[in-house]
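Just so it is clear: chains get the letters A, B, ... in the order the sequence lines come, proteins before strands, and each one is counted from 1. Just the heavy atoms: all of them, side chains too, but no hydrogens, waters or symmetry mates, feed the values below.
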Amino acid sequence: MGRKLLLEHADVPGIETFDVYRKHGGYRSVEKALKTMSPEEVVEEVKTATLKGRGGAGFPAGMKWSFIAKPEGVPRYLLCNADESEPGTFKDRYLMQYIPHLLIEGMIVSSYALGANQAYIYIRGEYMFVLRIVEKAIAEAYEKGFLGKNILGSGFDLDLSIAPGGGAYICGEETALIESLEGKRGNPRMKPPFPAVQGLWQCPTVVNNVETLATVVPIINMTAAEYTKIGTEQSKGTKLISAGGNVERGGVYEIELGLSVEEFIYGDEWCRGIKNGKKMKALVPGGSSVPILPAHLITKTANGDTRLMSYESLSDGGFASGSMLGSGGFIVFDEDQCIVRNTWNFARFYAHESCGQCSPCREGTGWMEKVLHRIETGKGNMRDIDLLADINKKIEGNTICPLGDAAAWPVAAAIRHFREEFEWHVTHPEEAVKRNYGMLKGVTA
Amino acid sequence: MVKVTIDGIEIEVEEGTTILNAARQVGGDIVPPAMCYYSKLEGSGGKCRTCLVEVAAGSERDPRPMPKLMVSCSTQVQHGMVVKNLTSDRVKEARAGVTEFLLANHPLDCPVCDQAGECHLQDLGFENGKEGTRFEEEKRTFAPRDIGDKIKLHMNRCILCYRCVYTANQLTNKRVHGVLNRGDHAEISTYIEKALDNEFIGNVIDVCPVGALTDKTFRFKSRVWFLKPMNAHRDCPTCQGIATVWMFGNEIQRVTGRKDAYGEIETHNGKTAWLCNTCRFESKDVAQWTIEGPRVINRHSVISQGHYVLKNPLEDKSTVKNLK
Ligand SMILES: Cc1cc2nc3c(=O)[nH]c(=O)nc-3n(C[C@H](O)[C@H](O)[C@H](O)COP(=O)(O)O)c2cc1C
Ligand code: SF4
Ligand code: SF4
Ligand code: FES
């Protein structure tokens, strides 16, 4: 049984209300931080905990915080990224829906650490019902004196507001999020300047994922020294994983980093194996942007080591034979799933979500989607497969924001590991169409 | 001043200069193509990715190469930086890729496009494009639209450089011009087809690198290479009245701003000589202008290949000579 630091009380009835949450130890970290620690000490603690950002990129949160510029008389902002739109990822929603106060608590402590007196939660538009829940929790926190002026008599003021997005994946990219929050079109900005220097309204800003901010709570409560006892050498603490696809029991799980992938997929406590007794064919371990792994690279790395649920083990072997922990969107494919179809589906998502600012991403994602659609519907050529690989190469690294890379990687990885399947679609167009299970209406080879 | 080396040519420029502007100070072939950057428009650049260059050494202090190709229009030079543009195979490959991307959905309707002959995408394709296309898919299409009564938008040709959006933002006070939608379906729009009736909105035509925004008062009148560009000026209460008039015989067929080697409106009297709508659209009578004399088209476009070339090459820094 793994330890739970975030979801420990998630199924206590009424935990979404202030009183129940407080009764189960809620808001202790605010008391501890505001009454006994200086902001610098909080930053130091998070640094020592080596907390990696849970939004996907895994950038160390403490380090990000220490970069924030502190010019005299200029406000600083903390933004919570709750735009969660990466296919396969639904952990932030779970956390906000069931224990909204944990996020608020984390944001109070984090804002205190950064010296921010205004914080925002930017939440994706489709999460309107979650927004209502968080809104209610915020109102309670104000009422109880944990938000607003002079919190707990510490002299620290914090206002926390919610801003709903319009449902664009790109607004999860931190600078697009800032633009959107400013009321503009959600186009990513060029970096530098980084948000820590010029973010919201050109003021120093930190953007963190929901789970990152929530994790600050146990770190402060238990101290970094205790926190770092959990996990592996380079991946400390716990991580929320949203498991989906063809597993027996999908859902949001909190795991101790370092759990073996095999245990997670087949263990009774977790996903309980593949549905209908089927064999596993592939795994996307960290949301649609990360490279797909074929069966032989899932439970073992290319070196034959046991593959673990950790930043370093999942990326072991680089892109040749590894993947990434990413956002924790864990998608399992059984033997019946069509990799080409899935790759097309992902490509369609990126083509739809590209903001269209830079030419390689705008044109490349649309182009890849069209080529993949042709292959999937039995109209592909052998040269299309190399064409895809080449389009990929021309997008990767040449765009403003990482969405271009995120669109390129899954296609590259699918071709790398499942090339025969792409070729089979080209050589067996009629069977390829039949394999669509009628899901693509009106398509004939 | 900082020292930077571009394709083996050393130059000293002011601190804070971008790689692209440093290259422009050298001039000639080593200047990376820029389809979205426009020095007179604040915030422009970074989008088209045609100006990507390789930074082989970051600076004297930190001579490590930068792993990614950098956009020269938005990357500032550092002392001791070594930049490779034409001398980098990676750059050539990436730029060929960007060119292919920009042409993927482009209708290639140059024969009926007013911009043909002075189109930056034609130049880019000529220099970095391939003979054939690998894009076999259906192109995305939009119907041509009127933006007010003087400007035509052919969204099919647009490369989404955002120059016109910045122009509308920065030159006019009633902003109704922007981008709708995302990805390859993003489109330039005036939000519900609102006419842009601002005195300076005609400048979107001049900044557009392709034939997406064209002058309706000139549409289909002539191919630009049949016209004689003349420098001209007039007394105008609204703008500086400094223009190029494009003549056929003694008739003025169109009026544009005066563009430099990079297609940017020139600076006169310390200010960018943006043209007002009256000068541009409603001053087609020769009597309204003082004609100064013929204008050298300082670009590697088909116009400068015509018979209408000045004997005196003036300050010709362009690559024309290399094309002969
Ligand atoms: C296209 C794109 C979409 C993103 N979407 C999200 C998102 O929905 N949620 C999120 O937390 N981070 C997202 N990110 C990452 C953010 O840019 C940023 O790195 C993150 O919010 C930082 O938080 P962290 O350091 O706590 O992970 C996205 C990045 C890109 C490029
Ligand atoms: S990479 Fe794609 S999403 Fe990111 S800025 Fe460029 S066009 Fe927009
Ligand atoms: S219409 Fe022209 S200027 Fe405007 S974005 Fe398109 S290509 Fe650029
Ligand atoms: S000119 Fe630099 S990216 Fe377009």
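Between chain B and the residues C358(A), P360(A), C355(A), the largest count of heavy-atom pairs under 4.5 Å involves P360(A). When each of A186(B), G183(B), S74(B) is scored by its heavy-atom pairs under 4.5 Å with chain A, the top score falls to G183(B).
Nearest heavy atoms, R362(A) versus L102(B): NH2-CD2, 3.7 Å.
F101(B) CZ to I391(A) CD1: the interatomic distance, rounded to the nearest 0.5 Å, is 6.0 Å. Once rounded to the nearest 0.5 Å, the distance linking CE of M368(A) with CD of E137(B) reads 12.5 Å. In this structure, the separation between CD on Q357(A) and SG on C36(B) is 9.5 Å, given to the nearest 0.5 Å. Here N181(B) contributes atom CG and H352(A) contributes atom NE2; the two are 8.5 Å apart, rounded to the nearest 0.5 Å. The OG atom of S359(A) lies 10.5 Å from the CG atom of L103(B); values are rounded to the nearest 0.5 Å.
Contacts between L52(B) and chain A at a heavy-atom distance below 4.5 Å involve the side chain alone, from C-beta outward. When heavy atoms are compared at a cutoff of 4.5 Å, E396(A) does not approach chain B at all. Both the backbone and the side chain of F135(B) come within contact range of chain A, each with at least one heavy atom under 4.5 Å from a heavy atom of that chain.
Within the 3.5 Å criterion, the main-chain N or O of L387(A) finds no donor-acceptor partner in the side chain of R134(B). Looking at R182(B), its side chain never comes within 3.5 Å of a backbone N or O of A351(A) through a donor-acceptor pair.
Here the options are N105(B), I159(B), V98(B), L160(B), the test is side chain to side chain contact (heavy atoms under 4.5 Å, CB included), and the partner is E363(A); only N105(B) passes.
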Could you go through the side-chain contact (heavy atoms from CB on, under 4.5 Å) check for E93(B) and K394(A) one step at a time? CA-CA 8 Å; E93(B) 198 190 337; K394(A) 295 199 160 124; 4.1 Å; yes
Fill in: Worked check of side-chain contact (heavy atoms from CB on, under 4.5 Å) between V165(B) and R185(A)
CA-CA 12 Å; V165(B) 179; R185(A) 182 184 159 85; over 6 Å; no
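Dense packing is recorded around CD of Q202(A), with more than 12 heavy atoms of other residues, nucleotides or ligands lying under 6.0 Å away. More than 12 heavy atoms of other shown residues, nucleotides or ligands fall within 6.0 angstrom of atom NZ in K184(A).
Counting heavy atoms from C-beta on, the side chains of N398(A) and R95(B) never come closer than 4.5 Å. For the pair R374(A) and E136(B), the minimum side-chain heavy-atom distance is below 4.5 Å.
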